[in-house]
Amino acid sequence: MPPRPQHEGPTVTRSFRLSLALATTVVAALALTACSAGGSTGSDGTVTDGKLTIATGQPAYSPWVEDNKPQSGKGFESAVAYAVAKQMGYAKSDVVWKRSTFDSAVAPGPKDWDLNLQQFSISSQRKKAVDMSSPYYTTTQAVVTTAKSKAKDDTTVAALKQDTIGVAAGSTSIASVKQVLGVTPQVFNSNDDAVLALKSGQIDAIVTDLPTAFTMSGAQLDDGAVSAQFPADGKGDQFGFVLPKDSALTAKVDKALKALDDDGTLAALQKQWLSSATNTPVLK
């Protein structure tokens with residue numbers, strides 16, 4: 001009998017090892033793909049089967065979330081989140097809240113939540129890294145005053161146009177003041193400069209977008225107030241939910257938001273939490 005080739009055994013072993021390595025690589029790639037598409041493990045496309053995990057900032061501020069408790073359903077974004085969840089078929093008890101930073105939410109990579117909302121403006125740049133829903137809110141312009149300002153009680157166009165208005169350079173507020181009030185505002189290099197002018201009495205009020213107005217009045221002014229907001233014109237920044245890239249839930253969220261827009265729920269929640277609860281009337 002001729003001698004067995006000495007290379008037969010090692011060749012079989014090497015082939016097996018190569019096959020095993022290839023299989024491991026394929027499995028790892030599939031796992032990475034799943035994570036990149038959102039890391040969902042639930043049969044309904046969620047990170048946890050039967051639960052809808054929603055993230056927001058830490059802390060989350062009024063009027064978007066009241067008392068930093070999104071689970072309460074109080075505050076505009078908290079209320080919108082529960083309304084969307086209900087439209088998608090999830091009970092309030094099926095909603096799980098998490099916290100995330102703003103920057104990590106819009107960065108590429110897997111997520112441990114299904115939806116995230118913390119005033120994310122919809123942009124084509126962000127859509128390269130994550131999914132973004134259709135808008136649930138379009139920002140309006142608002143008026144910031146102080147307790148000492150003569151504009152503090154001016155909630156009509158006729159009254160406010162008699163005041164000295166400040167705006168930040170390059171902002172959409174400039175055009176809004178001209179169009180709605182019919183006056184030319186004083187333009188400052190930045191919102192910070194406008195705040196200093198309001199504090200010193202150089203101007204009577206600042207006009208800026210509503211989210212900035214709430215931050216400005218609460219964090220930059222000791223006696224600040226958002227005294228009024230402009231009528232909605234549909235030209236402001238649009239806020240949308242952030243979802244993991246290629247999420248199976250994106251179309252469902254869009255469908256839910258359309259239903260809530262069609263039946264007037266979004267408008268009612270906006271009035272409840274961004275107008276009535278904050279005592280911020282719409283200019284007439």
Item to complete: Check the pair Phe214 / Thr280 against side chain to side chain contact (heavy atoms under 4.5 Å, CB included), numbers first and verdict last.
Response: CA-CA 10 Å; Phe214 283 125; Thr280 311; 4.2 Å; yes
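- Cluster annotation: Phe241 is connected to Leu274 through the hydrophobic network of ILVMFWY side chains, with a link wherever side-chain heavy atoms come within less than 4.5 Å.
- Side chain of Ser247 to main chain of Pro244: no donor-acceptor pair is present (N/O by atom type, distance under 3.5 Å, no hydrogens or angles).
- For residues 78-91, the set of pairs meeting the side-chain hydrogen bond (donor to acceptor under 3.5 Å, both in side chains) definition, not counting sequence neighbours, comprises Asp44-Tyr90, Tyr82-Trp97.
- Val167 belongs to a hydrophobic cluster whose other members, connected by ILVMFWY side-chain contacts under 4.5 Å either directly or through intermediates, are Val143, Val157, Leu160, Ile165, Ile174, Val177, Val180, Leu181, Val183, Val187, Val207, Phe230, Leu283.
- The number of heavy-atom neighbours closer than 6.0 Å to NZ of Lys284, taken from other residues, nucleotides and ligands shown, is 12 or below.
- Note: Phe239 and Phe120 fail the aromatic proximity criterion, with ring centroids not under 6.0 Å apart.
- To the nearest 0.5 Å, the span separating CG on Asp94 from OG1 on Thr53 amounts to 10.5 Å.
- Counting heavy atoms from C-beta outward, Asn68 and Gln58 have side chains that approach closer than 4.5 Å.
- Atom OG of Ser72 and atom CD of Glu66 lie 7.5 Å apart (nearest 0.5 Å).
- Residues Val84 and Leu260 form a side-chain contact, since some pair of their non-hydrogen atoms from C-beta on lies under 4.5 Å apart.
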Worksheet entry | Stepwise side chain to side chain donor-acceptor pair (under 3.5 Å) check, Thr250 with Asp131 | CA-CA 7 Å; Thr250 304; Asp131 280 4; 2.7 Å; yes
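- Note that OG1 of Thr156 and NZ of Lys161 are 10.0 Å apart. Values are rounded to the nearest 0.5 Å.
- Counted by atom type alone, Asn191 and Gln220 present zero donor-acceptor pairs between their side chains at under 3.5 Å.
- Shown here is Asp222, whose CG atom has no more than 12 heavy atoms of other residues, nucleotides or ligands within 6.0 Å.
- Between Ala129 and Ala107, the shortest heavy-atom contact is CB-C, 4.2 Å.
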Worksheet item: Are Asp154 and Asp163 close enough, and set up right, to give a side chain to side chain contact (heavy atoms under 4.5 Å, CB included), and what steps lead you there?
Response: CA-CA 9 Å; Asp154 293 348; Asp163 300 317; 2.5 Å; yes
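- One hydrophobic cluster, built from ILVMFWY side chains closer than 4.5 Å, holds both Val80 and Val95.
- In Lys150, the NZ atom is crowded: over 12 heavy atoms of neighbouring residues, nucleotides or ligands sit closer than 6.0 Å.
- Between the side chains of Gln229 and Thr140, at least one donor N or O sits under 3.5 Å from an acceptor N or O.
- Connection of Val242 to Leu115 is not established within any shared hydrophobic cluster, with ILVMFWY side chains joined at heavy-atom distances below 4.5 Å, either directly or through further cluster members.
- Here CD of Gln71 is found 14.0 Å from OG of Ser93. Values are rounded to the nearest 0.5 Å.
- Side-chain contact check for Val195 versus Ile206: some heavy-atom pair is nearer than 4.5 Å.
- Under the 3.5 Å distance criterion, with hydrogens and angles disregarded, a donor-acceptor pair is assigned to the side chains of Asn116 and Ser100.
- At a cut-off of 3.5 Å, with distance as the only test, a side-chain donor of Asp263 or Thr265 sits close to an acceptor on the other residue.
- With hydrophobic clusters built from ILVMFWY side chains whose heavy atoms lie under 4.5 angstrom apart, Val47 does not share a cluster with Leu52.
- Of all the heavy atoms in Ile122 and Gly240, the pair that sits closest is CG1-N, 3.7 Å.
- Here ring pair (Phe, Tyr, Trp, His ring centres under 6.0 Å) pairs that include residues 172-197, with residues two or more places apart or in two chains, number zero.
- Checking Thr46 against Asp114 by side-chain atom types alone, no donor-acceptor pair falls below 3.5 Å.
- Rounded to the nearest 0.5 angstrom, Thr101 OG1 and Arg99 CZ are separated by 13.0 Å.
- Counting heavy atoms from C-beta outward, Val130 and Lys111 have side chains that approach closer than 4.5 Å.
- Judged by distance alone, the side chain of Thr139 and the main-chain N or O of Asp237 form a donor-acceptor pair under 3.5 Å.
- For the 3.5 Å distance criterion, the side chains of Ser176 and Ser173 fail to qualify, holding no donor opposite an acceptor.
- Ser227 approaches Thr155 most closely through the heavy-atom pair O-CG2, 3.6 Å.
- Here the rule is side-chain hydrogen bond (donor to acceptor under 3.5 Å, both in side chains) with Gln141, and of Thr172, Thr208, Asp233 only Thr172 fits it.
- Side-chain contact between Thr184 and Lys178: present, with at least one pair of heavy atoms (C-beta onward) separated by less than 4.5 Å.
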Discussion item. Checking Gln238 against Tyr136 for the side chain to side chain contact (heavy atoms under 4.5 Å, CB included) test, could you report, in this order, the C-alpha distance in whole Å, the side-chain angles of both residues, the deciding distance, and whether it holds?
Written reply: CA-CA 7 Å; Gln238 294 181 317; Tyr136 59 83; over 6 Å; no
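- Formation of a donor-acceptor pair under 3.5 Å by the Asp254 side chain with backbone atoms of Ser134 is found in this model.
- If you take OG1 on Thr48 and CG on Asp112, they are separated by 9.0 Å, rounding to the nearest 0.5 Å.
- Closest non-hydrogen pair, Ser200 versus Ala197, comes out as OG-O, 3.1 Å.
- You'll find the side chain of Trp273 reaches within 4.5 Å of the side chain of Lys74, heavy atoms only.
- Salt-bridge annotation for Lys258 and Asp262: present, with a side-chain N of the basic residue lying under 4.0 Å from a carboxylate O of the acidic one.
- Listed for the Ser123 side chain is a donor-acceptor partner under 3.5 Å among the backbone atoms of Arg126.
- Here the side chains of Leu243 and Met132 are not in contact, with every heavy-atom distance at 4.5 Å or above.
- Lys245 places a side-chain N or O within donor-acceptor distance of the main-chain N or O of Lys127, the cut-off being under 3.5 Å.
- For the pair Ser217 and Ala225, the tightest heavy-atom approach, listed with the atom from each and the gap, is CB-N, 3.7 Å.
- Residues Phe76 and Leu269 are in side-chain contact: their nearest non-hydrogen atoms beyond the backbone lie under 4.5 Å apart.
- With Ser62 contributing its side chain and Val65 its backbone, the two residues share no donor-acceptor pair below 3.5 Å.
- Side-chain contact of Ser149 with Asp204: a donor-acceptor pair under 3.5 Å is absent, judged by distance alone.
- Both Leu221 and Ile203 belong to a single network of hydrophobic side chains, linked directly or stepwise wherever heavy atoms of I, L, V, M, F, W or Y lie under 4.5 Å apart.
- For the 3.5 Å distance criterion, the side chains of Tyr137 and Gln119 fail to qualify, holding no donor opposite an acceptor.
- Looking only at atom types and distance, the side chain of Gln272 has no donor-acceptor partner in the side chain of Ser276 under 3.5 Å away.
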Worksheet item: Step by step, would you call Thr146 with Lys152 a side chain to side chain contact (heavy atoms under 4.5 Å, CB included)?
Response: CA-CA 6 Å; Thr146 65; Lys152 62 184 174 61; over 6 Å; no
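- Across Asn279 and Pro281, no two heavy atoms sit closer than the pair O-CD, 3.3 Å.
- Not a single donor-acceptor pair under 3.5 Å links the side chain of Ser133 to the backbone N or O of Val253.
- For Lys148 and Asp223, the salt-bridge test fails: no basic side-chain N is under 4.0 Å from an acidic carboxylate O.
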